[in-house]
Amino acid sequence: MRKILSFTTDQQGFVLPYVLFFIALALIILTANVYIYQDEIHITQNQTEQLKIETLIQMARMQFKEDISNEPKDDTTIVYDFPYGDVAVKYTKLSEQVYHLYFTIQTDNGTIHSIFNRMTFDSE
C-alpha cells in the first residue's frame with residue numbers, strides 16, 4: 001500500500017502558494033495579451049490612415065494634372081474634397097512643364113499630413 005504524503009493533504013497551506021503563483025502568472029499573461037491587442041489595434045488604425053493619405057495624394061495629383069492641362073489657373077492654391085478627406089494643393093510653376101506642389105492633406109478622421117512633390121508634364 002502506498003503512503004499518502006501528509007504535506008499535500010493537510011490544511012497548513014502547502015498547496016496555496018503554488019495556486020497563487022499560477023493564478024498570478026495567468027493574470028500577467030492575460031494582461032500582457034490585452035496590451036498587445038490594444039497596440040495591434042492602434043497600429044492598424046495608423047496603417048489605415050497612412051493608406052488614406054497615400055490614396056488622397058494620388059487622387060489629388062491626378063485631379064491637379066487634369067485641371068492644369070485643361071485650363072491653367074492663376075491661383076496658386078486648389079482645394080479638393082474627396083470621400084476620404086480634403087486636400088489643399090499649393091503650387092508654383094517652375095517651368096512650362098514642371099510644377100512644384102505642396103500638399104496639405106486632412107483625412108476624415110482629422111489626421112493632417114503635409115508633403116512636397118514635383119510634377120513634370122510630358123510633352124505630347
Side-chain angles (χ1 to χ4, degrees):
M1 183 164 160
R2 296 183 110 183
K3 182 178 177 185
I4 297 175
L5 299 175
S6 63
F7 61 87
T8 59
T9 58
D10 63 5
Q11 300 296 318
Q12 295 181 5
F14 176 77
V15 179
L16 182 64
Y18 289 115
V19 171
L20 289 177
F21 174 75
F22 287 121
I23 289 174
L25 185 64
L27 287 176
I28 289 171
I29 291 171
L30 181 68
T31 305
N33 284 334
V34 167
Y35 282 124
I36 289 171
Y37 180 69
Q38 287 175 344
D39 287 343
E40 291 290 331
I41 290 174
H42 187 67
I43 289 169
T44 303
Q45 289 173 346
N46 287 341
Q47 287 176 338
T48 304
E49 285 298 308
Q50 183 66 33
L51 185 63
K52 284 181 186 179
I53 289 169
E54 291 173 5
T55 303
L56 287 170
I57 290 171
Q58 291 176 4
M59 291 169 63
R61 277 181 59 89
M62 292 306 296
Q63 190 68 41
F64 177 78
K65 191 173 187 178
E66 289 177 11
D67 290 348
I68 292 298
S69 64
N70 290 340
E71 53 183 70
K73 299 183 180 187
D74 294 333
D75 291 353
T76 59
T77 303
I78 300 175
V79 178
Y80 298 112
D81 185 24
F82 296 116
Y84 291 126
D86 301 328
V87 180
V89 181
K90 294 180 184 178
Y91 65 93
T92 305
K93 189 173 184 177
L94 299 177
S95 69
E96 189 63 32
Q97 296 173 341
V98 179
Y99 286 86
H100 184 76
L101 307 174
Y102 177 70
F103 293 96
T104 303
I105 300 114
Q106 181 171 4
T107 64
D108 52 356
N109 291 337
T111 303
I112 297 174
H113 184 73
S114 299
I115 188 170
F116 288 103
N117 204 326
R118 184 173 288 204
M119 180 180 283
T120 304
F121 289 97
D122 297 330
S123 57
E124 298 176 15

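Only a predicted model underlies this, so the values are computations on that prediction, with no experimental measurement involved.
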(Q) I want to check something: taking the side chain as every heavy atom from C-beta on, are I68 and Y91 in contact at a cut-off of under 4.5 Å? (A) yes

Q) Roughly how far apart are H113 NE2 and L56 CG, rounded to 0.5 Å? A) 11.0 Å

Q. For D108, what residues pass the salt bridge (charged side-chain N to carboxylate O under 4.0 Å, His left out) criterion, not counting sequence neighbours?
A. K52

Q. Under a 4.5 Å cut-off applied to non-hydrogen side-chain atoms, are Y80 and M59 in contact?
A. no

Q. If you round to the nearest 0.5 Å, how far is OH of Y35 from CD of Q38?
A. 7.0 Å

(Q) To the nearest 0.5 Å, what is the distance between CD on E66 and CG on N70? (A) 7.0 Å

**Q.** For the student: nearest non-hydrogen atoms of G110 and Q106, plus distance
**A.** CA-NE2, 4.2 Å

**Q.** All side-chain contact (heavy atoms from CB on, under 4.5 Å) counterparts of Q45, not counting sequence neighbours
**A.** I41, H42

Q. Rounded to the nearest 0.5 Å, how far does CG of L30 lie from CD1 of I23?
A. 13.0 Å

Q: Give me the ring orientation class for F64 and Y99: parallel if the planes are under 30° apart, tilted from 30 to 60°, perpendicular past 60°.
A: perpendicular

**Q.** Residue pairs involving residues 77-91 (criterion salt bridge (charged side-chain N to carboxylate O under 4.0 Å, His left out); sequence neighbours excluded)
**A.** none

Q: Identify whether I57 and V89 are in the same connected component of the hydrophobic contact network (ILVMFWY, side-chain heavy atoms under 4.5 Å).
A: yes

Q. How would you list, by chain and number, every residue that makes a side-chain contact (heavy atoms from CB on, under 4.5 Å) with T92, sequence neighbours excluded?
A. L94, H100

Q. Is it true that I115 and I53 fall in one hydrophobic cluster, defined by side-chain heavy atoms closer than 4.5 Å?
A. yes

Q | Atom OH of Y84 with >12 non-hydrogen neighbours under 6.0 angstrom | A | no

(Q) Run the side-chain contact (heavy atoms from CB on, under 4.5 Å) test against N117 and tell me which residues pass, sequence neighbours left out. (A) R61, L101, F103

Q) Roughly how far apart are I105 CD1 and E49 CD, rounded to 0.5 Å? A) 11.5 Å

Q: Would you list the pairs meeting salt bridge (charged side-chain N to carboxylate O under 4.0 Å, His left out) in which at least one residue belongs to residues 23-38, sequence neighbours left out?
A: none

Q. What distance separates T107 OG1 from L51 CG, expressed to the nearest 0.5 Å?
A. 11.5 Å

Q) Do F82 and M119 belong to the same hydrophobic cluster, where Ile, Leu, Val, Met, Phe, Trp and Tyr are linked whenever their side-chain heavy atoms lie under 4.5 Å apart, directly or via other members? A) yes

